[in-house]
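The structure displayed is predicted, hence computed values, not measured ones. Chain letters run A, B, ... following the sequence lines, proteins first, then strands; residues in each count from 1.
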2 protein chains.
Amino acid sequence: MTVIFSKKCELALQAVLFLSIKPKDEFLSARDISKELQLPKEFISKVLQKLTETGIVGSKKGKTGGFFLAKDPSEIRLIQIVETIDGLGVFEKCVLGFPGCSPDNPCPLHNKWGHLRDEAFKMLTEFTLAELKDSAEKKIGNLKFDIL
Amino acid sequence: MTVIFSKKCELALQAVLFLSIKPKDEFLSARDISKELQLPKEFISKVLQKLTETGIVGSKKGKTGGFFLAKDPSEIRLIQIVETIDGLGVFEKCVLGFPGCSPDNPCPLHNKWGHLRDEAFKMLTEFTLAELKDSAEKKIGNLKFDIL
DNA sequence: TTAATTACAGATTATTTTGTCTTTAATTGA
DNA sequence: TCAATTAAAGACAAAATAATCTGTAATTAA
C-alpha cells in the first residue's frame, strides 16, 4: 500500500509544522520534537538535517542547541519540504507507470489524473506554514490524547 | 519517492487494461502480456494470480492456457483492482501521517486533501475498463515506440 | 578548563517492496 | 500415453526504504 508522501516526508512536514507553532527564537532539540510528535528521534534528526541543507530549517549545536525555522513561516511553502525530501517525481510520473506518458501519447487516466495532480501541486504550493499555524497548533496539542 | 499506487498495482492496472483490449475469448499468457508491456513475466504472473482470487481475472492452465477477464469490461471498475492489490488505505489514512486524523480532530490538510482524495476515489470508482478501452488501445499500441 | 549536551556524519540493521527461481499440478496436442 | 506448455505456489534474492547506533565536532554552563 502506498501513500502520496514517503514516511520521511510525512515526518518532515510534521516536524516543520511543529517548529512553526513555537516562538521563533526557540531552539527545539530533536529529542523535544521526537517526544511531542511521538516519532523516532534519530529519524527526526536525519530529516531536519536535510532541511537545514536547503535553508528551510536552521540549527545550532551544543547545549541549548536545536532546530528552528530559518525563514518566516509565511515564506515556507509545503511544496518546498516535499521537494527537498521526496522530490517532485510524483507530479511528473505517469500514474499508471506507463513510459512516455504525455499529452501527445496519454495513458487512459492522463487527463483526469493530471487534473487532480495539478490541484494537489497547487495546494502544496499555495499553503505556507503561516496559514496552517492555527490548525497545526490544535492538532499537535491533541496528539497526546490520540496516542492512548 | 512515492506515487499513489504501488508498482504492483500499476502493473496490475496495465495488465488488466491490456486484457480488456483483446477479444474476450482469447487466453493471454503471462509471457505474452509481459512481452507487450515490457514488464517482468513472473511479476505479471503473481499479480494476475491475485486478481483471479477476487474474480476479476480468470485463468486456464496448460498448453493454450492463460489469463482473461472474468467479467465484462463494463463491469470492472479500476477501484476494484486497486482495492485487491493495494487496499483502500490511501483513501483512509492521514496524508501527513498524524494519528487520529478525523473531521473532529483534523490535520492541517484534512479538508483540502480530503477533497482531492475523494475526487480520486470517485474517478477510480466511476471508470470501468470499457470506458478506457479506446485510449488503452492507443497507448498500448504505441508502447513499442516509447521504449526506444 | 571541564563536563554535559547537542547537531552532524556515516555506518549499520531491520523492514518492506520488488523481482526471480524452482517445483508442482493442470491441460492439451501429438 | 507422453511431451510440451501453462498457471499456481512458495521459497528465495535484490533493492529500496525506514530506523538505529556510534563516534565526532561544536557550544555552553559551571
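Remark: P of dG19(C) and NZ of Lys41(B) are 15 Å apart, rounded to the nearest angstrom. In this structure, Leu19(B) places its CG atom 14 Å from C1' of dA7(D), rounding to the nearest Å. Atom-to-atom, NZ of Lys46(A) to P of dT12(C) comes out at 13 Å; the value is rounded to the nearest Å. Ile85(B) places its CD1 atom 14 Å from the P atom of dG19(C), with the value rounded to the nearest Å. One can place CG of Leu37(A) at 14 Å from P of dA19(D), the figure rounded to the nearest angstrom. In this structure, the CG atom of Asp86(B) is 16 Å from the P atom of dT16(C), given to the nearest Å. Between Asp32(A) atom CG and dT6(C) atom C1' there is a gap of 11 Å when expressed in whole angstrom units. Computed from coordinates, the Arg31(A) CZ to dT5(C) C1' distance equals 9 Å when rounded to whole Å.
Of the candidate nucleotides dA19(D), dT27(C), dG19(C), dG19(C) has the atom nearest to the side chain of Phe43(B). Of all nucleotides listed (dA4(D), dA8(D), dA7(C)), dA8(D) comes nearest to the side chain of Phe67(B). The side chain of Thr64(A) sits closest to dA29(D) out of dT18(C), dA29(D), dA25(C). When distances run from any side-chain atom of Gln49(A) to the nucleotides dA9(C), dA29(D), dA25(C), the shortest one goes to dA9(C). Residue Ser29(B) has its side chain nearest to dT6(D) when only dA18(D), dC8(C), dT6(D) are considered. Among the nucleotides dT28(C), dT18(C), dA19(D), the one closest to any side-chain atom of Lys7(B) is dT18(C). Closest approach to the Glu42(B) side chain among dA7(C), dT27(C), dT20(C) is made by dT20(C) (side chain taken as heavy atoms from C-beta onward).
Of the two residues contacting DNA chain D, namely Lys61(B) and Cys9(A), the nearest-nucleotide position lying further toward the 5' end is that of Lys61(B).
For the atom pair NZ (Lys144(B)) and CD (Glu36(B)), the distance works out to 5.5 Å, reported to the nearest 0.5 Å. To the nearest 0.5 angstrom, Leu17(A) atom CG is 6.0 Å from Leu132(A) atom CG.
Pairing each heavy atom of His110(A) with each of Cys101(A), the nearest pair is ND1-SG, 3.0 Å.
Around NZ of Lys50(A), the count of heavy atoms belonging to other residues, nucleotides or ligands within 6.0 Å does not exceed 12.
Applying the 4.0 Å criterion to OP1 and OP2 of dT28(D), one finds that Lys60(A) has a side-chain N or O inside that range. Put simply, Ser59(B) has a side-chain N or O that comes within less than 4.0 Å of OP1 or OP2 on dA8(D).
Under the 3.5 Å distance criterion, with hydrogens and angles disregarded, a donor-acceptor pair is assigned to the side chains of Asp72(A) and Ser74(A).
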